[in-house]
K.L.:
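I'd like to ask some things about the structure below.
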Amino acid sequence: MFCLPWFRILRRNLSLSFWVARMRLSKAFVPTLKETPSDAAIPSHQLMLRAGLMRQLTAGVYAYLPLGYKAMLKAMQIIREEMDAIGGQEFHLPALNPEALWMQTGRRNVPNFILSVKERDLVLAPTHEEVIAWIGANHIQSYKDLPQIWYQIQTKFRNEPRPRSGVLRGRQFIMKDSYSLDRTWEELDKSYDAHAEAYRNIFSRCGLKFFVVGASSGAMGGTGSQEFMIESPFGEDTVALCDHCGYAANVEVATSAVPSVGRSAESAMPKEIHTPNVKTIDELASFLKTDHRQLAKSRVYLHDGNPVLVLMMGNDQVNESKLIAAVGGGEVFAAGEEKLVELTGADAGSIGPIGFKGRIIADNRLKDSNNLVSGANKNDFHIINIDLKRDAKVENYFDLRQVEDKEPCASCGKEIRVAHAIELGHIFKLGTKYSEALNMRFLDEQGQSHPVVMGSYGIGVERIVACHIEQSHDENGIAWGKALAPYACHLITVNMNSKEAVLHANQIYQK
RNA sequence: CGGGGCGUGGCUCAGCCUGGUUAGAGCGCUUGGUUCGGGACCAAGAGGUCGCGUGUUCGAAUCACGCCGCCCCGACCA
């Protein structure tokens, strides 16, 4: 019989490729695996190994085999076409960078970021803002030189503490990164919007079911950013989605329409009460037979070493991304047990705003509320009837809470969903952080010097392929869409004993 | 970096607890034969520093210690 080889896992979806590559399967290097390698935990990782797309060399580093590289090349070609369509110019920047360049922007010592070379003062570039700004600083002189969109598709290196999920988080990966250089923030908006549109086109053409979320710009600096995501239980990001109105945001910035506590007419006088063995908000609620809305939880953080007390309603969780934004950037750590006693005189569970020495900020939900219960900064004691306007020196109110599943949507009021997602691309309005650090400036019409306004935009090439597989596979293997399929067409001669059939098949093959 | 797990032919794993013949199985691979329209069968083979090192012992894949590597959870994630 004609024995079907086991690589049926590669099967399906025949169509013509944009490039004419032919290969006889008998000569192709496609090492398939019958069993799932024990190291692979998620479908895309398992199938990329089993289908012979790639092999792992070491943690977070993969060798792409011909079949896998073909799929990646197809994704790269789509990216290239769409980047060119918005006026992007392709570069190939060096992966080896002088360490000194990264010292200038202060990013050399960002934790878990840069991999370096032992023998020289060189580092492996994790991204290319610095090199772009270096080129721009040397060659952009006049407003007439702007705007520019510069991009490349290049291997990046990062000192990932824990690579995982196959190709989704590696130490070495291929990324399309682009950078817009503009004169003004308004023009940056245009470059940014052009990228957003290009990204939509790219992911659509790749056949991905994706969505866009508002995101935090985090330590990159800048004023705005969006992420392009696919929903997946294996994603490392958490997003809030509204299936009714389309609201979508990373939980780092997501809001919901939870009601605030408000203020009652009478503000009773504060009183210390004995609350033995009451450590949690739930215990406090049942001890006092009240609901969470009257309880103000205190969390103490150290912001660049200075204590900040954060008041939250009931069991609302502090969202540290929002907290960082609220306190004006920098680093934030939750204070440890010993530090809590040192700062407040009490353990976690009995800490409160009254008598706290340091900044106090509170979540919007508690704005101007009264008759609240919080810790007394004395173990086993709480204070009731706290009026935040009268009794506590709350410096300011911010949105500090983490949204939860099933809360009402901030824009339509219906139920939101909190889900995991994989980030495919991220676009940032960077601003002038890097252009100032590296002195990339231009002269305007009046001869005034200004820093170039930058945007930065990334796409993970491997993630496109892996996400496609996550979204398109079954028990038989990968169901390739035609956009990324390594080969468009699989020509099978059913009866190799028929000279006529073989001849015919070969004729078709030659075409 | 904290917690957990694992490391035995290309892949998946057994053996280890209760040290003792030439270290096993399935899949894959090679050769020969059979089969021949839906993931073949029979037979014979090749292939292993049992992650590395030190130690305990007459004797270590098996026990102890150290190291390395990989995976998962967490922290982190520009």
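The basis for the numbers below is simple: all heavy atoms, side chains too, and nothing from hydrogens, waters or symmetry mates.
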K.L.:
Would you kindly compare A:Glu423 and A:Gly60 by the position of their nearest RNA chain B nucleotide and give the one closer to the 5′ end?
P.N.:
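Nearest nucleotide further toward 5': that of A:Gly60.
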K.L.:
Expressed as a whole number of Å, how far does the P atom of B:A43 sit from that of B:G28?
P.N.:
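Result for the P pair: 15 Å, nearest Å.
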K.L.:
Report the distance from atom CG of A:Asn250 to atom P of B:C77, rounded to the nearest whole Å.
P.N.:
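Going from CG in A:Asn250 over to P in B:C77 covers 12 Å.
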K.L.:
Determine: side-chain N/O of A:Thr58 to OP1/OP2 of B:G69, distance under 4.0 Å, yes or no.
P.N.:
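Result: no.
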K.L.:
So what does A:Glu160 touch, heavy atoms closer than 4.0 Å: a base, only the sugar-phosphate, or nothing?
P.N.:
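The residue A:Glu160 makes no contact with any strand.
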K.L.:
Quote, to the nearest angstrom, the C1' distance that separates B:C52 from B:G7.
P.N.:
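That atom pair is separated by 11 Å.
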K.L.:
As a test of reading the structure: which of B:C70, B:C11, B:A75 is closest to the side chain of A:Leu33, going by heavy atoms?
P.N.:
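Out of B:C70, B:C11, B:A75, the nucleotide with an atom closest to A:Leu33's side chain is B:C11.
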K.L.:
I'd like the C1' distance from B:G24 over to B:U62, given in whole Å.
P.N.:
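Result for the C1' pair: 15 Å, nearest Å.
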K.L.:
Under 4.0 Å between any heavy atoms, over every strand shown, what does A:Pro111 touch: base, sugar-phosphate, or nothing? Just pick one.
P.N.:
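Answer is base: heavy atoms of A:Pro111 come under 4.0 Å of a base.
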K.L.:
Strictly below 4.0 Å: does A:Arg162 bring a side-chain N or O up to OP1 or OP2 of B:C72?
P.N.:
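Answer is yes, contact under 4.0 Å.
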K.L.:
A:Arg169 CZ to B:C76 P: how many Å, rounded?
P.N.:
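Taking CZ of A:Arg169 and P of B:C76, I get 12 Å after rounding.
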K.L.:
Within this structure, what is the CG-to-C1' distance between A:Leu115 and B:C77, rounded to whole angstrom?
P.N.:
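Rounding to the nearest Å, CG of A:Leu115 and C1' of B:C77 are 14 Å apart.
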K.L.:
Pick one: which of A:Lys176, A:Gln89, A:His92, A:His128 meets side chain to side chain donor-acceptor pair (under 3.5 Å) with A:Gln152?
P.N.:
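That would be A:His128.
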K.L.:
A:Met175 CE to B:C77 P: how many Å, rounded?
P.N.:
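So the two atoms are 16 Å apart, to the nearest Å.
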K.L.:
Taking only the side-chain heavy atoms of A:Ala59 (C-beta and beyond), determine which of B:C70, B:C76, B:C77 contains the nearest atom.
P.N.:
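When the side chain of A:Ala59 is considered, B:C70 is the closest of B:C70, B:C76, B:C77.
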K.L.:
A:Tyr457 and side chain to side chain donor-acceptor pair (under 3.5 Å): which single residue from A:Ser191, A:Ser180, A:Ser178 fits?
P.N.:
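For A:Tyr457, the side chain to side chain donor-acceptor pair (under 3.5 Å) test succeeds with only one of A:Ser191, A:Ser180, A:Ser178, which is A:Ser180.
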K.L.:
Please round to the nearest 0.5 Å and tell me the distance separating atom NZ of A:Lys156 and atom OG1 of A:Thr127.
P.N.:
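Going from the NZ atom of A:Lys156 to the OG1 atom of A:Thr127 covers 6.0 Å.
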K.L.:
With rounding to the closest Å, how many angstrom separate the P atoms on B:C6 and B:C63?
P.N.:
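These two P atoms come out 12 Å apart once rounded.
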K.L.:
Can a side chain N or O of A:Thr127 be found less than 4.0 Å away from OP1 or OP2 on B:A78?
P.N.:
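So the side-chain polar atoms of A:Thr127 never come under 4.0 Å of the phosphate oxygens OP1 or OP2 of B:A78.
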K.L.:
Out of B:C73, B:A78, B:U12, which has the shortest distance to the side chain of A:Glu35?
P.N.:
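Given the options B:C73, B:A78, B:U12, the side chain of A:Glu35 is closest to B:U12.
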K.L.:
Could you check whether A:Arg22 makes a cation-pi contact with A:Tyr509, meaning its NZ or CZ is under 6.0 Å from the centre of the six-membered ring and within 45° of the ring axis?
P.N.:
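Yes; both conditions hold, so A:Arg22 lies above the ring face of A:Tyr509.
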K.L.:
If you compare all heavy atoms of A:Gly314 against all heavy atoms of A:Lys297, which two are closest, and at what distance to 0.1 Å?
P.N.:
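Closest approach of A:Gly314 to A:Lys297, heavy atoms only: O-CB, 3.4 Å.
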K.L.:
Among the nucleotides B:C11, B:A75, B:A78, which one has an atom lying closest to any side-chain atom of A:Pro161?
P.N.:
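For A:Pro161, the side-chain atoms sit closest to B:A75.
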K.L.:
Look through every strand shown and name the nucleotide pairing with B:G69 as Watson-Crick or G-U wobble, where both distances are under 3.5 Å.
P.N.:
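By the stated definition (distances under 3.5 Å), B:C6 pairs with B:G69.
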K.L.:
Let me spell it out: for each of A:His45 and A:Asn112, pick the nucleotide of RNA chain B with the closest heavy atom. Which residue's pick is nearer the 5' end?
P.N.:
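This one resolves to A:His45.
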K.L.:
Can you tell me the base-pairing partner of B:C1? Count Watson-Crick or G-U wobble geometry only, both distances below 3.5 Å, and say none if there is no partner.
P.N.:
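Pairing partner: B:G74.
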K.L.:
Taking the cut-offs as 6.0 angstrom to the six-membered ring centre and 45 degrees off its axis, would you call A:Lys70 and A:Tyr487 a cation-pi pair?
P.N.:
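Yes; both conditions hold, so A:Lys70 lies above the ring face of A:Tyr487.
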K.L.:
Which whole number of Å gives the distance between the P atom of B:G5 and that of B:C65?
P.N.:
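Looking at atom P only, B:G5 and B:C65 are 14 Å apart.
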K.L.:
Does B:C13 have its OP1 or OP2 closer than 4.0 Å to a side-chain nitrogen or oxygen of A:Ser38?
P.N.:
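Affirmative; the distance criterion is met.
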K.L.:
Is B:C29 paired to anything, Watson-Crick or G-U wobble with both distances less than 3.5 Å, and if yes, which nucleotide?
P.N.:
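B:G45 - that is the nucleotide pairing with B:C29, both distances being under 3.5 Å.
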K.L.:
Please measure how far the C1' atom in B:G66 lies from the corresponding atom in B:G74, and state the result in whole Å.
P.N.:
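26 Å, rounded to whole Å.
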K.L.:
Ignoring hydrogens and angles, are the base of B:C11 and the side chain of A:Arg50 linked by a donor-acceptor pair under 3.5 Å?
P.N.:
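Counting by modelled atom types and ignoring angles, no donor-acceptor contact under 3.5 Å is found here.
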K.L.:
Distance check, P atoms only: B:C67 and B:C1, in whole angstrom units.
P.N.:
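After rounding to an integer number of Å, I get 12 Å for this pair.
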K.L.:
Using atom CD1 of A:Ile492 as one end and atom P of B:G38 as the other, report the distance to the nearest whole Å.
P.N.:
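Atom-to-atom, A:Ile492 to B:G38, this comes out as 14 Å.
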K.L.:
Kindly give the heavy-atom pair with the smallest separation between A:Pro126 and A:Ile114, and that separation in Å.
P.N.:
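Nearest pair, atom of A:Pro126 first, then A:Ile114: CG-CG1, 3.8 Å.
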K.L.:
If B:G59 has a Watson-Crick or G-U wobble mate with both distances under 3.5 Å, name it; if not, just say none.
P.N.:
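The base-pairing partner of B:G59, which may sit in any strand shown, does not exist here.
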K.L.:
Between atom CZ in A:Phe333 and atom C1' in B:G2, what is the gap in whole Å?
P.N.:
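These atoms are roughly 16 Å apart.
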K.L.:
In whole Å, what is the span from the NZ atom of A:Lys34 to the P atom of B:G9?
P.N.:
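Going from NZ in A:Lys34 over to P in B:G9 covers 20 Å.
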K.L.:
Can you tell me the Watson-Crick or wobble partner of B:G24, both distances under 3.5 angstrom?
P.N.:
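Checking every strand shown, B:G24 finds its partner in B:C13, with both distances under 3.5 Å.
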K.L.:
NA contact type, A:Thr105, heavy-atom cut-off 4.0 Å: base, sugar-phosphate, or nothing?
P.N.:
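Answer is nothing: A:Thr105 stays at 4.0 Å or more from every strand.
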K.L.:
Quick check for you: among B:C70, B:C77, B:C11, whose closest atom lies nearest to any side-chain atom of A:Asp39?
P.N.:
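In terms of side-chain proximity for A:Asp39, the closest of B:C70, B:C77, B:C11 is B:C70.
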K.L.:
Mind checking the C1' distance from B:A25 to B:G69? Whole angstroms is fine.
P.N.:
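Rounded to whole Å, the distance is 26 Å.
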K.L.:
Starting at CG of A:Leu49 and ending at C1' of B:U12, how long is that distance when rounded to a whole Å?
P.N.:
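Nearest whole value for this atom pair: 14 Å.
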K.L.:
If every non-hydrogen atom of A:Leu49 is compared with every non-hydrogen atom of A:Ala40, which pair is closest and at what distance?
P.N.:
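Minimum heavy-atom separation between A:Leu49 and A:Ala40: CD1-CB, 4.0 Å.
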